[in-house]
Amino acid sequence: MIGIGILEYGFFQNALMTAFFASIACGIIGSYVVVKRMVSISGGISHAAFGGVGLGYLFGVDPLVGAFGFTTLVALGIGVLKEKAGQNLDTLVAAVWAAGMALGIICIGLAPGYAPDLFSYLFGNILLVPASDILMMGVLCGLILAIVALLFTQLQAVTFDEEYARVMNLPVTWLSLILLVLVAVTVVMLIRVVGIILVIALLTLPAATARGYVSRLRTMMVVSVCLGLIFSIGGLYLSYLIDVPSGATIILLATAGYVGSILISRARAG
Amino acid sequence: MIPAIEVRDVSFGHNGSPILDSVSLTVRQGDMYAVIGPNGGGKTTLLKIILGLLPAAQGTVSVFGNAPRDGRHLVGYVPQFRTFDFHYPITVREMVLSGRLSHARGIMRRYQDEDHEVTLEVLEQLNLSHLSDRTLSHLSGGEQQRVILARALVGKPRLLILDEPTVYVDIPTEVHFFDILRELKQSMTILLVSHDIGVISRHVTRVACLNHTLHTHDTPEITEDMIAATYRCPVDIIAHGLPHRVFRNHQEGGPGQ
């Protein structure tokens, strides 16, 4: 098989590890995002991450650490405002979306010197992920798995029927905030893979594709993780073959998979 | 005996317009209480206040002598249809089981053997066992409605609250549903609200009409003055085509003749 030799390169092994962790996180959290219809909120959170990247540059902190802190704060802020915003949530999310990006641009403008890998934060480059970041992704992945395993029944109840969860005396406000923070953590993990601009697609497309074929949330998560692996590793391999940017290739492959699954289920139903 | 629900002088408004105006209502244990009124008359708001989902601006509410939030574990709730996503990947069994979470303890709220046993029992009781592994979107309207009822019943409630329970189903299904409620009435108190006077079956023990203000005579019958006060239009329009027994017979020239 052409190109199998690239597996021997360290950077490529790193890329596979990155794809592995990213697929687990986006399969699990993406399933919640899709069933709870949090896609636009997640889009706002992921774009706001650029503000964190900019703050990182400005204050000389690792931009991903900046993104991690800032995005978590934004997620909590949206969660608190969501209860009060009501109908205006849409507008609020759009404001956070744009304001985060704007903050990032201004910070980078103010930061001394040149921002060398700015492009990779925006569009991702799975081939340039350093080993230290992979370790961080592994830890975050473990954290996500642990929290979801611990709170699975309650998160299912809240994402299925929030009002009924309240009637059953579940700590709905806390669970919603935890879910938003998990989205923020996942977004930061995915930045390395596909970049801030494309994160929302990798978060939602595998889960949305899986949804049409499953009857249980657990199964949806497992199928989403597998699809995430297929899309990210397949996209990586395709981008290597035709020598184009990897992040965008992964997203186009995921989109093709999603559209294909819709056509298949249409054909079945019709 | 402590009343199942005691609502006293409750008022609630939204953006300056009053939704509930000094509403008082007592549901005694063993009642099957129907609250009837037009859409937008405040029925769902009243239920949400009783469930502690909304705070009353004025007045007091108690559920079996407790504040609404503390009384919730004694209550089964059948919300208005379509308040959640019917395409959510959840099986009938999982959804009904989730009704046990009100009894689950600890930070993880893991299900115990008892939770699974009660779920199987209730699925059997409501004739849903053969549908256990299906998802909601693959069920008929009547089946979906029984699943929602089953979720409320697994918590072994002493009070069942139903919000427009038959609004999306056809007449035979509705009749069947009221047969189920009649059985449940033996073992629990029931409060149901509807915009449809037709839901008042002979099983109802007390009726009230609600349109911002509440009118009741603490009887199972709707009287002309209640209808007039609630709907603000002549009785014969509302009563057209309704079963006679809804109205008292003693009113000369009235619709009950």
Side-chain angles (χ1 to χ4, degrees), chain A residues 27-28 30-39 83-84 86-88 146-175 178 206-224 262 265 269, chain B residues 14-15 44 47-48 50-54 63 68-80 82-95 97-111 115 131-138 148 151-152 154-155 157 161 163:
Chain A
I28 292 172
S31 293
Y32 286 124
V33 169
V34 168
V35 297
K36 178 70 175 156
R37 298 172 191 272
M38 291 161 58
V39 176
E83 310 249 315
K84 309 196 164 117
Q87 300 287 327
N88 300 322
I147 292 175
V148 169
L150 200 65
L151 300 177
F152 187 84
T153 47
Q154 294 180 78
L155 285 175
Q156 171 160 289
V158 168
T159 53
F160 174 60
D161 191 339
E162 194 173 310
E163 183 182 81
Y164 206 80
R166 257 182 227 284
V167 172
M168 290 191 294
N169 283 324
L170 297 185
V172 172
T173 307
W174 282 109
L175 291 166
I178 289 171
T209 309
R211 186 187 203 173
Y213 302 91
V214 297
S215 54
R216 306 182 72 199
L217 186 59
R218 260 176 251 268
T219 328
M220 182 173 174
M221 289 176 172
V222 172
V223 175
S224 304
I262 292 177
S265 53
Chain B
H14 185 68
N15 290 339
T44 299
L47 291 192
K48 287 191 172 176
I50 292 170
L51 287 163
L53 292 169
L54 288 174
V63 177
R69 277 162 187 261
D70 302 323
R72 275 176 186 165
H73 65 285
L74 302 168
V75 178
Y77 174 43
V78 177
Q80 215 171 88
R82 318 284 176 205
T83 54
F84 50 79
D85 182 4
F86 278 66
H87 291 277
Y88 191 101
I90 189 169
T91 63
V92 166
R93 191 204 317 269
E94 284 178 317
M95 174 171 167
L97 182 62
S98 79
R100 291 292 296 178
L101 279 173
S102 55
H103 293 255
R105 295 275 169 271
I107 189 159
M108 295 175 72
R109 309 225 184 194
R110 289 251 169 217
Y111 296 121
D115 300 324
L131 304 171
S132 295
D133 293 321
R134 301 234 190 131
T135 57
L136 283 176
S137 56
H138 291 97
I148 297 169
R151 178 179 65 170
V154 286
I161 293 182
D163 191 356

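Labels below follow one simple rule: chain letters A, B, ... track the order of the sequence lines, proteins then strands, and each chain is numbered from 1. Keep in mind that the numbers below use all heavy atoms, side chains included, and drop hydrogens, waters and symmetry copies.
Annotation: side chain of B:R72 is not in contact with side chain of B:Y77 (no heavy-atom distance under 4.5 Å). By the 4.5 Å heavy-atom criterion applied to side chains, B:E94 and A:S215 are not counted as neighbours.
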Would B:D85 and A:R37 count as a side chain to side chain contact (heavy atoms under 4.5 Å, CB included) here? Give the steps. CA-CA 10 Å; B:D85 182 4; A:R37 298 172 191 272; 3.3 Å; yes
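Within the 4.5 angstrom heavy-atom criterion, atoms from both the backbone and the side chain of A:L150 approach chain B. With a 4.5 Å cut-off on non-hydrogen atoms, A:T159 touches chain B through its backbone and its side chain both. Neither the backbone nor the side chain of A:A165 comes within contact range of chain B, judged by heavy atoms closer than 4.5 Å. Residue A:Y164 touches chain B through its side chain alone, counting heavy-atom pairs closer than 4.5 Å. With a 4.5 angstrom heavy-atom cutoff, B:H103 does not touch chain A via any of its atoms. For B:L101, the parts sitting under 4.5 Å from any heavy atom of chain A are the backbone and the side chain alike. No part of A:E162 comes within reach of chain B, as not one of its non-hydrogen atoms sits under 4.5 angstrom from that chain. Within the 4.5 angstrom heavy-atom criterion, only side-chain atoms of A:R211, from C-beta onward, approach chain B. Proximity to chain A is absent for every atom of B:R134, based on heavy atoms less than 4.5 angstrom apart. Heavy atoms of B:I90 lying under 4.5 Å from chain A belong to its backbone as well as its side chain. The contact between B:T135 and chain A is made entirely by side chain atoms (from C-beta outward), counting heavy-atom distances below 4.5 Å. If you measure heavy-atom distances from B:L136 to chain A, the contacts under 4.5 Å come from the side chain alone.
Residues passing the side-chain hydrogen bond (donor to acceptor under 3.5 Å, both in side chains) test with B:D133, sequence neighbours excluded: B:R93.
Of the residues considered (A:T219, A:L217, A:V34, A:L151), A:L217 shows the highest number of contacts with chain B, using heavy-atom pairs under 4.5 Å.
Residues B:F86 and B:F84 place their aromatic rings such that the two centres sit under 6.0 Å apart.
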